[in-house]
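Working notes for the structure below.
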Amino acid sequence: QVRLVESGGGLVQPGGSLRLSCAASGFTFSLYGMSWYRQAPGKERELVANIISNGGSTNYADSVKGRFTISRDNAKNMMYLQMNSLKPEDTAVYYCNSKVWGRSYWGQGTQVTVSS
């Protein structure tokens, strides 16, 4: 029953911003950490950011530090990724992820394309 549904991707120019959303259902969202991953063409999937269950601690890949912000609203079962100062190298499919009872769950992904 675990469901993770990403939204908010699109085409933006370099320097622009997007906010991605992940809607979670089928588990007690507030008890689990969440992550954003991305996969660029021809590259392996990489971790972008983590957030713990209560939102009190976050971690970011070096490539996005200072530009991206991960957050969550446990009352709404939602996770977000605010992406600012976007670069062409941020182009990728972005995935919501959570490990629930030892199993990794993924959303369907949302495409982010940064291009002029």
Side-chain angles (χ1 to χ4, degrees):
Q1 293 189 136
V2 173
R3 299 285 187 273
L4 301 171
V5 181
E6 302 94 336
S7 62
L11 174 64
V12 297
Q13 296 183 3
S17 297
L18 284 174
R19 189 175 83 153
L20 306 183
S21 298
C22 173
S25 62
F27 65 103
T28 306
F29 181 74
S30 63
L31 296 181
Y32 295 90
M34 299 290 295
S35 301
W36 286 101
Y37 284 75
R38 67 186 182 187
Q39 187 166 21
K43 296 184 178 180
E44 296 296 310
R45 190 170 298 186
E46 65 174 344
L47 177 66
V48 176
N50 288 324
I51 187 166
I52 66 168
S53 59
N54 68 3
S57 182
T58 58
N59 290 295
Y60 299 91
D62 287 343
S63 59
V64 307
K65 285 180 180 177
R67 300 188 298 119
F68 290 11
T69 302
I70 188 171
S71 62
R72 65 193 295 163
D73 186 340
N74 285 348
K76 297 180 179 179
N77 286 4
M78 295 289 292
M79 181 179 67
Y80 307 98
L81 185 68
Q82 178 66 47
M83 305 185 295
N84 298 326
S85 301
L86 284 161
K87 304 174 180 179
E89 50 263 46
D90 295 318
T91 295
V93 178
Y94 284 72
Y95 296 92
C96 183
N97 173 264
S98 186
K99 289 185 178 179
V100 180
W101 291 95
R103 180 176 175 179
S104 187
Y105 290 88
W106 301 90
Q108 83 287 352
T110 186
Q111 176 71 50
V112 173
T113 302
V114 185
S115 177
S116 58

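- Here the CE-CG distance, from M34 to L81, works out to 12.0 Å after rounding to the nearest 0.5 Å.
- Atom CE of residue M79 and atom CD1 of residue I51 lie 8.0 Å apart, to the nearest 0.5 angstrom.
- With respect to K87 and D90, no salt bridge is recorded, no charged nitrogen being found less than 4.0 Å from a carboxylate O.
- Note on Y60 and L86: same hydrophobic cluster, where clusters join Ile, Leu, Val, Met, Phe, Trp and Tyr whose side-chain heavy atoms are under 4.5 Å apart, directly or indirectly.
- Atoms CD1 and OG, on I52 and S35 in that order, are 12.0 Å from each other to the nearest 0.5 Å.
- Here the side chain of T91 pairs no donor or acceptor atom with the backbone of T113 at under 3.5 angstrom.
- Side chain of S104 to backbone of N97: no donor-acceptor contact under 3.5 angstrom is found.
- No donor-acceptor pair closer than 3.5 Å links the side chain of R3 to the backbone N or O of S25.
- Under the 4.5 Å side-chain heavy-atom criterion for grouping Ile, Leu, Val, Met, Phe, Trp and Tyr, F29 is not connected to M78 through any hydrophobic cluster.
- The closest side-chain heavy-atom distance from L31 to S53 is not below 4.5 Å.
- Applying the ring-ring contact (aromatic ring centres under 6.0 Å, His included) rule to pairs touching residues 86-116 yields Y37-W106, sequence neighbours excluded.
- In terms of modelled atom types and a separation under 3.5 Å, the side chain of N77 and the main chain of A23 share no donor-acceptor contact.
- Pairs engaging residues 59-116 under the disulfide bond (SG atoms under 2.5 Å apart) rule: C22-C96 [sequence neighbours left out].
- Two residues are said to be in side-chain contact when any heavy atoms from C-beta on lie closer than 4.5 Å; R38 and E46 meet this criterion.
- In terms of heavy atoms, S17 sits closest to Q82 at CB-NE2, 4.0 Å.
- Distance check, rounded to the nearest 0.5 Å: OG of S21 to CZ of R72 gives 14.0 Å.
- Rounded to the nearest 0.5 angstrom, W36 CH2 and M83 CE are separated by 8.0 Å.
- For E89, the CD atom sits in a packed shell: over 12 heavy atoms of surrounding residues, nucleotides or ligands are nearer than 6.0 Å.
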Run T110 and V93 through side-chain contact (heavy atoms from CB on, under 4.5 Å) and show every step you take. CA-CA 5 Å; T110 186; V93 178; over 6 Å; no
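- Between the side chain of Q39 and the main chain of E44, no donor-acceptor pair closer than 3.5 Å is present.
- Applying the ring-ring contact (aromatic ring centres under 6.0 Å, His included) test to pairs two or more places apart or on separate chains, none has a residue in residues 64-90.
- Here the closest heavy-atom approach between residue S98 and residue G33 is recorded as OG-O, 3.1 Å.
- Counting heavy atoms from C-beta outward, S7 and L20 have side chains that stay 4.5 Å or more apart.
- Here L4 contributes atom CG and Q108 contributes atom CD; the two are 9.0 Å apart, rounded to the nearest 0.5 Å.
- Shown here for P14 and S116, the closest heavy-atom pair between the two residues is CD-N, 3.7 Å.
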